[in-house]
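Read through the structure below, which is laid out as structure tokens, and then see the notes.
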Amino acid sequence: MTLVEGHKQIAPDTAVPVWDTDPYDLEVLVDPYDWWADLRAKGDVVYIPRYSALMVGRYETTKKVFSDHENFLSSRGVGLDDFALSKPWRPPSIILEVDPPDHTKTRKVMSRAMSPKVAKALGEDFRQTADALVDEILEKGEIEAVVEFAEAFPTTVFPKAVGMTIVNKRHLVDYGAMVFNSIGPDNELRKDATTRVPEVARWIMEACDRSRLTDDGMGALLFEAADAGDITAEEASLLVRSFLSAGVDTTVTGIGNALWCLANNPAEWEALKADPSLTRPAFEEVLRYTSPVHTFCRTSGRDTEISGIPVEEGTKVICSLGSANMDPEKWGDPENFRVARKPVGHLAFGVGIHGCVGQNIARAELDAVLGALIAKVDRIEWTGDPVWRPNNAIHALDRLPLRFIAK
Ligand code: OVV
């Protein structure tokens, strides 16, 4: 069998539009908006010869594929590698890269460990840390906000919430880059990110051991589930690894992207300051407008169809969450960032049984960060040009030169 990027080469149905393009081209990754518009214009589903894969980016189709876990599997990998045919770069995640019934049990344990109640209890520490960080930033005035704000916050509060006793902020950020770049082709980005796999992955697994965790964090809740017989101790460790895989880069990106949106849209920042009840909707709009996780794949587990187009078993379907979140058919004026939009149904957290299980924690972090900004900051201004950092699955900033002016 001929493999392309670790999956079966397919013969697409003749009715599928063919688009000779690279969704993982560096220029697309750093500025995807026009490319997404082209993707949606091609049709419900397109064939990308370069990767011998189908791709979807219209809202309704993307939502449908993402919700249909029976036809579109996660257990064969959510990147371009088909785990049925090629060896994954790390032992697969037991919550992300798995289907029901195996998924059901781990999902339940993870949702309990990150319940609204847990998120609420963490809120106090999140707020204290956000207040202190914003005070520090105001003292400095001008900062590079990716490192000094976006990375600083989650790498402080999240390891603490998990109950980690050994913390290496650099390893946490680098591991996130590895995990998310691996959800894509084996291009330069993925090769660069994974050069340090043995060292960083070993550190991550060590940090996930029960002996390295406090008895009062989210990690301990997983080992309590192991004590109760819901999962094994090995599974608890792998689920701690999932916290560290999915909980750092994503929220770092959420904070960076929020600052980018607010600095670019001063009138919306004024509207948010004037009405702090818009804090939550403003974050949802940041998610819709910037899609911190822009792309995930699924694999068809049987012959099926998308919008009436036959799809053969073993087909990788590249799903552009970022494009779906900018589809004018769904959003009317998607190109406008509006803090009061309340974009219910955005796909930034995914949708269906694999929808982000940590979203309560993410929202609690952003409530704290935006709350501290609203309370203390009058203006957010550019001191230079923002720079985006290409990643096969994450739509994140690399540099945010910003000035913060106190109230
Ligand atoms: C990149 C990512 C997203 C969600 C979950 C995981 C990883 C995991 O490792 O479980």
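Starting from 1, each residue takes its place in the sequence as its number. Counting convention: from 1, in listed order, for ligands and their atoms alike.
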Please name all residues satisfying ring pair (Phe, Tyr, Trp, His ring centres under 6.0 Å) with F180, sequence neighbours left out, ordered by chain then number.
none

Centroid separation W331 to Y59 less than 6.0 Å:
yes

May I ask you to say whether E5 pairs ionically with K316, meaning some side-chain N is under 4.0 Å from a carboxylate O?
no

Looking at T62 and C319, would you say the former's side chain and the latter's main chain have a donor-acceptor pair under 3.5 Å?
no

Which protein residues come within less than 4.0 angstrom of ligand 1, counting heavy atoms only?
R90, S93, I95, L96, V179, F180, I183, S242, S245, A246

With no hydrogens and no angle check, do the side chains of S323 and R40 hold a donor and an acceptor under 3.5 Å apart?
yes

Would D68 and R298 count as a salt bridge (Lys or Arg N to Asp or Glu O under 4.0 Å) here? Give the steps.
CA-CA 10 Å; D68 182 359; R298 294 290 190 255; over 6 Å; no

